[in-house]
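Below: one structure, written as structure tokens.
Because the structure is predicted, anything quoted here is derived from the model rather than measured. Residue numbering restarts at 1 for every chain, and letters A, B, ... go by the order of the sequence lines. Below, all heavy atoms of this structure are taken into account, side chains as well, without hydrogens, waters or symmetry copies.
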Amino acid sequence: MHWPTPNPSRKREGSRKRSLLPSRLREGSGVGLATLAALTILTACSPQPKSEARRDTTHYLPTIVSLNPCADAILAEVTRPGQLLALSHYSADPRAASMDAAKAAQYPKTRGTLEEVLALHPDVVVDGTFVPPATAAAYQRLGLRLETLGIAGTVEESRAQIRALAALAGNPAKGEALIGRIDAALAAAAPADPARIPALVWEPGGIVPGDSTLIAELLRRTGFTNFAAARGLGQADQLPLERVLADPPRVILAAGSDRALKHPALAHLKATTRAPLDPRLLYCAGPTIIPAATRLAEVRRSLQPTPDPSRKREGSQVALSSPLPLAASVSLSSPLPLAGGAGGGPRQTPRQPQ
Amino acid sequence: MTRPIALLLAALAIAIPLSLLAGQVWLNPFAPQAPNAITILAELRAPRAALALVIGAGLGGAGAAMQGYLRNPLADPGLFGVAPTAAFGAVLSLALGLGVLLPVAALLGAALAMAALALIAGNASGPNSTTLFALAGLMLASLSGALTSLVISLAPNPFALSEIVTWLMGSLESRSWHDVALAAPPTALGLTLLARAAPALDALTLGEETARSLGVDPVRLLSLMVLGTGLVVGAGVAAAGIIGFVGLVVPHLLRPCTDQRPSSLILPSALGGALLLLLADCLCRLLPLAGGELRIGIALSLIGAPFFLALLLQLRSELA
């Protein structure tokens with residue numbers, strides 16, 4: 001995290017970081033932004049009155065325009081009224097927003113064009129790391145400070161992002177308060193049962209998340225293992241429907257709906273629990289961690305008593321009530337032959353939640 | 001004439017069981033060991049093969065009928081503007097976040113195109129009625145193509161954008177028996193209507209005036225063609241997106257094996273279309289790419305274009 005350095009060269013460095021979103025999606029958002037930017041030049045955005053934040057506070061609070069939906073959600077939490085001049089248009093779209101619709105409705109939106117940003121004339125522009133180079137150069141030329149928000153692959157990275165954005169907004173205490181809420185939600189979502197259940201997070205097109213993503217960490221923290229990673233799949237790899245049927249996970253968390261995710265053949269998997277996972281919970285870190293962890297914990301709790309992952313195929317309902325400490329969960333299947341690795345448990349090295 | 005039909009039926013009889021082996025999971029046909037092997041066969045591969053047969057047969061048959069009706073070997077079922085209009089309906093439903101209604105929207109789009117064609121060219125009885133008809137179809141295709149691009153560029157978010165673009169490329173991936181049940185009845189009805197138009201198409205090869213003197217009713221023929229093609233193409237788009245190439249190429253490939261009459265070409269073209277689409281879909285199932293399954297349009301061109309080029313080469317050497 002290169003923060004809060006407004007140096008464009010460092011921003012590009014940041015863009016090489018691991019990412020939470022599937023590459024398809026990340027490219028898509030770039031294409032979408034570019035397309036929309038071209039089309040919405042005519043969409044005039046009325047200039048905002050200068051905020052009272054500049055006058056009312058003892059120390060100067062910078063005004064901010066956010067062009068990234070993940071930054072939107074964090075900035076709405078860590079800014080004072082009047083400080084956040086506009087959010088990205090994604091936050092106005094219930095399918096793409098990572099924040100509460102009512103809260104997002106309080107702010108003006110931009111389509112992300114340079115013109116709109118110039119009309120608002122903020123002190124800082126916050127965007128994702130995938131800013132087209134020409135746009136970044138234009139910000140620099142026009143004297144606007146550009147800050148970029150990378151994609152957080154861990155909870156710790158997300159905490160650092162929140163701290164950096166809160167510091168940028170001049171409200172570190174609000175950032176700490178948000179982090180406190182996130183940590184409380186994570187603590188509440190930690191499972192009472194030490195068993196790790198293999199879960200497949202399955203996105204449209206059969207896309208699965210890799211192990212170095214935020215959702216994989218949230219799975220580990222809520223009593224699951226990443227089924228896809230245990231099968232050797234990486235970030236944004238594809239797991240076709242046929243493979244899922246031939247080697248079913250204990251839990252399928254369907255993030256979105258496409259033909260494969262709601263195919264009638266999945267109903268034949270009697271030993272597999274299917275639970276919907278709002279795809280918006282996968283897009284961003286920050287405050288989104290709270291509903292994501294809560295949802296995963298809810299699914300995890302509904303699965304008890306836990307069948308032993310290594311015996312899943314036989315359908316046996318072995319409740320793992322053994323008083324094993326959390327770290328010993330590696331050895332859950334060790335008395336059993338490793339051949340029963342259907343659940344992915346034996347091959348997965350569980351990480352202990354922080 | 002019966003020889004190509006028998007050959008194609010034999011090829012299908014071999015290809016259909018073999019197609020059930022094509023997929024991401026290897027199922028040993030003699031000792032299936034993978035769990036859920038029956039589900040994979042019965043719920044994934046069988047409906048997919050059935051849908052490929054239904055759509056391929058429809059497009060092949062409709063292509064043969066279209067080429068007979070317009071007396072132009074460059075005609076294909078997409079020429080009526082039905083496919084782009086159906087696709088526009090589908091794309092609109094995706095952009096509005098109403099993906100559940102996609103088949104209905106596609107069929108509505110197809111119906112709209114058919115109604116427009118009937119309005120524009122329905123009562124034309126002059127010597128240029130087929131030209132008027134083809135032009136109206138081309139304009140409809142152009143208009144709905146533009147509207148589709150407009151919807152894509154106005155897509156509310158990147159998810160809708162990628163959904164639309166992926167859908168437009170056409171695919172049989174993850175289709176179920178619901179899709180077969182959706183596509184099969186309109187396709188069967190459409191092919192029946194086209195078969196009923198076949199005698200009139202034979203008469204039309206002698207020229208429009210002669211055909212009329214032989215008792216062909218141009219308005220009835222037109223409505224049979226519009227309804228038949230519209231049902232076939234609309235059902236195909238609703239179930240699998242836009243699939244080109246089959247309707248254009250298959251009649252060409254098979255015409256030399258028949259007695260050149262349109263009526264004797266429709267059935268072999270339907271069988272040939274079914275076979276080509278089934279083979280292309282097997283290629284899709286066997287060649288997974290990093291970005292997803294191979295798209296059926298790409299597979300069709302990969303399989304069909306070399307055949308077609310070889311045919312052209314042969315024709316050239318025969319002419320020389």
Side-chain angles (χ1 to χ4, degrees), chain A residues 21-36 38-40 69 88-90 92-97 203-207 236-248 256-272 279-280 283 312-313 342, chain B residues 22-27 32-48 94-97 99-100 102-103 149-150 152-167 171-179 181 239-241 284-285 288-293:
Chain A
L21 292 176
S23 57
R24 189 177 54 105
L25 207 58
R26 281 188 264 112
E27 282 156 22
S29 61
V31 173
L33 258 179
T35 322
L36 292 167
L39 270 160
T40 51
S88 74
H89 64 98
Y90 297 108
D93 183 340
R95 276 194 287 178
E203 296 168 60
I207 304 278
D237 274 348
Q238 289 194 312
L239 190 58
L241 181 56
E242 282 195 5
R243 291 231 178 106
V244 172
L245 287 172
D247 177 17
S257 68
D258 78 345
R259 283 174 188 278
L261 268 54
K262 58 181 184 194
H263 198 282
L266 289 169
H268 292 270
L269 299 177
K270 300 293 180 216
T272 299
R280 292 178 301 167
Y283 302 153
K312 179 177 53 70
R313 283 216 187 124
Chain B
Q24 287 298 297
V25 174
W26 168 244
L27 300 175
Q33 297 203 325
N36 296 307
I38 300 299
T39 306
I40 291 176
L41 281 179
E43 302 273 335
L44 295 187
R45 296 187 187 172
R48 216 176 146 154
L94 286 174
L96 296 175
V100 190
L102 188 144
S149 303
L150 180 69
I152 291 175
S153 54
L154 289 177
N157 55 48
F159 317 113
L161 190 81
S162 91
E163 202 179 356
I164 292 171
V165 174
T166 322
W167 183 85
S171 170
L172 293 172
E173 195 177 2
S174 299
R175 298 309 193 264
S176 64
W177 288 113
H178 298 310
D179 299 286
C284 293
R285 291 187 238 169
L289 308 175
E293 218 174 57

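- Counting heavy-atom pairs closer than 4.5 Å to chain B, the top residue among Gly206(A), Ala96(A), Pro279(A), Gly256(A) is Ala96(A).
- A distance of 10.0 Å separates CG of Leu241(A) from CD of Glu43(B), quoted to the nearest 0.5 Å.
- Rounding to the nearest 0.5 Å places CD1 of Ile38(B) at 12.5 Å from CG of Leu245(A).
- Atom CD1 of Ile40(B) is separated from atom CZ of Arg243(A) by 10.5 Å, given to the nearest 0.5 angstrom.
- Rounding to the nearest 0.5 Å places CG of Asp258(A) at 10.0 Å from OG1 of Thr166(B).
- Contact of Leu269(A) with chain B is made through the side chain alone, with heavy-atom distances under 4.5 Å.
- For Arg175(B), the side chain to side chain donor-acceptor pair (under 3.5 Å) test picks out no residue, with sequence neighbours left out.
- The NZ atom of Lys262(A) lies 10.0 Å from the NE2 atom of His178(B); values are rounded to the nearest 0.5 Å.
- Expressed to the nearest 0.5 Å, how far NE2 of His263(A) lies from OG1 of Thr39(B) amounts to 10.5 Å.
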